[in-house]
Amino acid sequence: MSRSRRDFLAKGSLTLVAAALTAKNASAQTPTPGAPPAFGTAPPVGPAVSVETFQNAQKLVQIEMTSHDLAQAAGNWQQAMAPVYERRTGPRKLAIEETISPATVWNPTLPGKTSGPATNHFIPAPPTTHPLPTHEDDIAFAPVSQLSTWIKTRQITSERLTKIYLDRLQRYNKQLNCVITLASDHALKQARQADSEIAAGKYRGPLHGIPWGAKDLLDTANIPTTYGAEFYRDRIPAEDATVTARLNEAGAVLVAKLSLGALALNDIWFGGQTMNPWLLEEGASGSSAGPGAAVAAGLVGFAIGSETQGSIVSPSMRCGVTGLRPTFGRVPRTGAMTLSWSCDKLGVMARGVEDTVFVLHAISGPDGRDVGCVPSKLSFDAGSLASKAALSKVRVGYIPAWMKDAPATDVDRAALQTIKNLGFTTVEVSLPDWPYDSLNIILFAEAAAAFEEITLNHKVDELKAQVPDAWPNTFRQSRFLSAVDFVQADRLRRKVAMEMERVFSEVDLLLVPSLRDEFLVITNFTGQPSLTLRAGFVEVSEARSDWAPDPAKPLPRFSPARRVPHGVTLVGRLFEEGTLAESGMVLETAFNVAAERPKGFA
């Protein structure tokens with residue numbers, strides 16, 4: 001018997017079984033009085049499915065069913081499972097507003113545990129006394145801690161500082177492609193208001209009069225917020241995001257909406273690719289590409305970025321800036337684009353560690369609207385680790401294998417040695433060899449849900465990036481993820497959080513290579529805060545990319561190799577960003593590499 005004949009008979013017999021089951025189900029749909037409702041008895045809806053449909057579907061979810069199981073599943077699919085899609089397929093279609101969050105909310109603190117300091121405690125370093133430089137480049141590259149002193153003492157006005165940054169944004173954006181919207185009129189109005197208040201003795205704090213840039217997924221009233229996507233480029237929100245409003249209240253001056261990879265992926269947006277100021281032949285990395293490039297090139301005092309899985313850490317690394325990714329739940333995301341309800345975090349990108357804490361201090365705390373944002377305290381004392389005795393009490397953990405293997409470099413290993421030399425207590429720790437990337441089913445499913453409409457109506461086809469590893473393909477593929485596996489991934493997430501709780505019972509901080517995949521996946525799903533800071537320089541002979549290799553478009557190669565900044569990352573306990581920053585300031589001084597600027601921008 002030929003193979004095709006054998007296949008036909010096998011499929012045919014299964015189809016007959018399925019048909020019989022369908023007929024049996026149809027005859028049982030008249031309810032008996034007093035009988036409870038039963039699964040699988042709804043009126044049949046949707047397209048007919050066959051045994052062959054399920055045979056093919058098995059490949060997507062990597063399971064195997066018996067012939068009987070396949071026939072049974074196909075036999076009552078239209079009565080049992082198809083009806084649950086009515087919300088999307090009708091007849092009673094229901095659109096869910098963008099502002100509605102899932103009923104399930106991730107809480108990074110385990111049941112019965114407490115996280116973070118008991119009280120607020122914020123003591124910055126003493127104000128610096130450097131005189132105002134003659135050259136505007138030197139002013140532009142100064143950290144917020146220094147800029148705020150010059151403004152408070154009225155050595156420079158906010159208006160002049162704002163004009164310096166606006167000029168640099170216009171001048172250097174041609175090379176970097178990091179600005180989506182320049183907010184000149186808005187910025188000058190805010191700057192003049194800041195100057196009037198300061199002159200009248202109404203100083204609001206270290207961010208008063210400081211120009212900043214927002215990743216263009218943060219809503220700004222009457223100023224476009226485009227998400228970097230073609231079909232949102234005319235989107236103008238009516239009100240500010242909570243973080244925007246809090247920075248307005250702190251007196252900060254919004255000068256620009258900065259680029260992001262479209263819908264918060266990598267570094268390509270509708271205007272092209274954002275480039276790295278240190279190596280203009282490569283992208284800035286993403287998705288907080290614009291904030292990374294603008295801070296590195298001295299175009300803003302600081303920037304707000306966001307991270308779901310690496311979007312602050314990676315561009316901070318690539319562009320040589322300092323990135324603080326807060327604990328999940330510390331900073332409200334109201335008015336920010338949603339990619340993943342249970343992973344998205346708004347954070348700070350700046351030129352110094354202390355700067356990131358100034359900003360975090362201003363934007364933390366619930367707003368009564370973001371259901372994932374919880375009350376928290378911030379304890380920070382810039383001088384708390386001034387002695388060897390104090391340093392010895394801070395236990396810094398590291399995973400030996402991670403420090404030996406790529407992507408770790410000699411800079412990472414030297415940073416570990418610096419930590420030992422300074423007098424920190426170092427502790428070797430370990431994590432189980434688990435399939436951590438399995439957690440990404442949660443990210444993919446939430447992202448596909450967040451952008452369901454534009455996926456189904458094919459608006460995602462308008463995005464500039466249409467390669468297999470870009471969002472359009474991922475959103476479409478995610479329609480076929482298993483809901484059961486989603487729940488199991490959620491359970492794995494809790495199990496991983498328990499492991500991180502164990503690790504942080506042994507240490508106060510972790511030192512990790514910034515781009516280690518396990519670190520990015522684990523800590524973004526458990527919610528741990530991280531601080532990425534420049535620790536040295538490496539040489540690269542090929543441009544780096546966030547995108548999967550494309551043989552048709554090879555990356556630029558360099559001979560001799562190019563010198564670029566390299567950063568390390570500290571991971572902290574939940575809601576203990578103060579400890580991260582205190583230790584980070586000590587390391588920043590010891591590394592002594594943060595002040596170097598990319599050539600061509602000063």
Side-chain angles (χ1 to χ4, degrees), residues 96-101 169 178-187 189-190 207 210-265 269-271 286-291 294 300 302-308 311-312 326 328-341 343-349 359-360 362-373 446-447 449-451 453-454 459:
I96 302 176
E97 299 88 342
E98 289 183 7
T99 55
I100 302 296
S101 301
L169 285 159
C178 64
V179 178
I180 294 182
T181 302
L182 193 66
S184 301
D185 292 343
H186 172 86
K189 180 180 179 182
Q190 285 191 318
L207 301 184
I210 303 294
W212 67 287
K215 183 176 181 178
D216 202 28
L217 53 59
L218 195 67
D219 277 357
T220 45
N222 303 314
I223 299 172
T225 301
T226 71
Y227 304 166
E230 284 79 349
F231 36 83
Y232 289 126
R233 62 193 306 169
D234 297 321
R235 180 182 178 274
I236 301 178
E239 62 178 301
D240 287 320
T242 297
V243 165
T244 307
R246 287 180 177 176
L247 290 173
N248 288 340
E249 183 62 29
V253 175
L254 176 68
V255 290
K257 302 300 293 296
L258 301 171
S259 62
L260 69 158
L263 306 182
L265 179 69
W269 55 289
F270 62 79
S287 64
S288 302
V300 292
F302 69 89
I304 295 296
S306 70
E307 174 152 329
T308 304
S311 288
I312 288 175
F328 178 84
R330 177 183 281 282
V331 177
R333 302 160 300 174
T334 306
M337 186 201 86
T338 297
L339 182 66
S340 167
W341 289 274
C343 287
D344 290 348
K345 295 160 285 288
L346 295 173
V348 191
M349 299 170 75
V359 181
L360 183 68
I363 63 177
S364 292
D367 64 350
R369 299 166 71 187
D370 178 354
V371 297
C373 191
E446 289 188 346
F451 293 105
E453 183 178 358
I454 63 169
K459 274 191 172 292

Fit a plane to each ring of F302 and W212, take the angle between them on a 0 to 90° scale, and name the class: parallel (under 30°), tilted (30 to 60°) or perpendicular (over 60°). parallel
Less than 4.5 Å apart, any side-chain heavy atom of L346 and any of L217? yes
Does K257 reach the side chain of T225, with side-chain heavy atoms less than 4.5 Å apart? yes
CG (L263) and CZ (F231) are apart, to the nearest 0.5 Å, by 5.0 Å
Under 3.5 Å, is there a donor-acceptor pair between the side chain of T338 and the main chain of S340? no
Rounded to the nearest 0.5 Å, what's the gap from CE on M349 to OG on S311? Could you check? 9.5 Å
Minimum-distance pair of heavy atoms, taken over all atoms of C343 and T308: CB-CG2, 3.7 Å
Taking atom CG of D240 and atom OG1 of T334, what is their separation to the nearest 0.5 Å? 12.5 Å
Distance, nearest 0.5 Å, that separates CG of N222 from CD of E239: 11.0 Å
Check G335 against A241 and note the closest heavy-atom contact, atom names and distance. O-CB, 3.5 Å
Side-chain contact, heavy-atom cut-off 4.5 Å: F451 with M337? yes
R330 and C373: which non-hydrogen atoms are nearest, and at how many Å? O-SG, 3.5 Å
Got a sec: does the CZ of R235 have more than 12 other heavy atoms crowding it under 6.0 Å? yes
Side chain to side chain, V255 and L169, heavy atoms closer than 4.5 Å: yes
Minimum heavy-atom separation for V253 and A187, please, with both atom names. CG1-O, 3.3 Å
Taking the side chain as every heavy atom from C-beta outward, state whether D367 and R246 have any pair of such atoms under 4.5 Å apart. yes
Would you check if the side chain of T226 reaches a backbone N or O of Y232 as a donor-acceptor pair within less than 3.5 Å? no
side-chain hydrogen bond (donor to acceptor under 3.5 Å, both in side chains), that's the test. Do K215 and S287 meet it? Break it down for me. CA-CA 9 Å; K215 183 176 181 178; S287 64; 2.7 Å; yes
Side-chain contact test, heavy atoms from C-beta onward, threshold under 4.5 Å: evaluate it for Q190 versus L254 and give yes or no. yes
Nearest 0.5 angstrom please: E230 CD to I454 CD1, how far? 10.5 Å
For L360 and V348, work out which heavy atoms get closest and say how close. N-CG2, 4.1 Å
Under the criterion side-chain contact (heavy atoms from CB on, under 4.5 Å), I'd like the reasoning laid out for V359 against L207: C-alpha separation, chi angles, the key distance, then a yes or no. CA-CA 7 Å; V359 181; L207 301 184; 4.0 Å; yes
Quick check: does any side chain N or O of T220 sit under 3.5 Å from a backbone N or O of I223, one acting as donor and the other as acceptor? yes
Are the side chains of V331 and K345 in contact, using a 4.5 Å heavy-atom criterion? no
Any side-chain to backbone donor/acceptor pair from R233 onto P224? Under 3.5 Å, distance only. no
Closest non-hydrogen atoms of I180 and F270, given as atom of the first, atom of the second and distance, are CG2-CZ, 4.0 Å
Side chain proximity check, L247 to I304, heavy atoms < 4.5 angstrom: yes
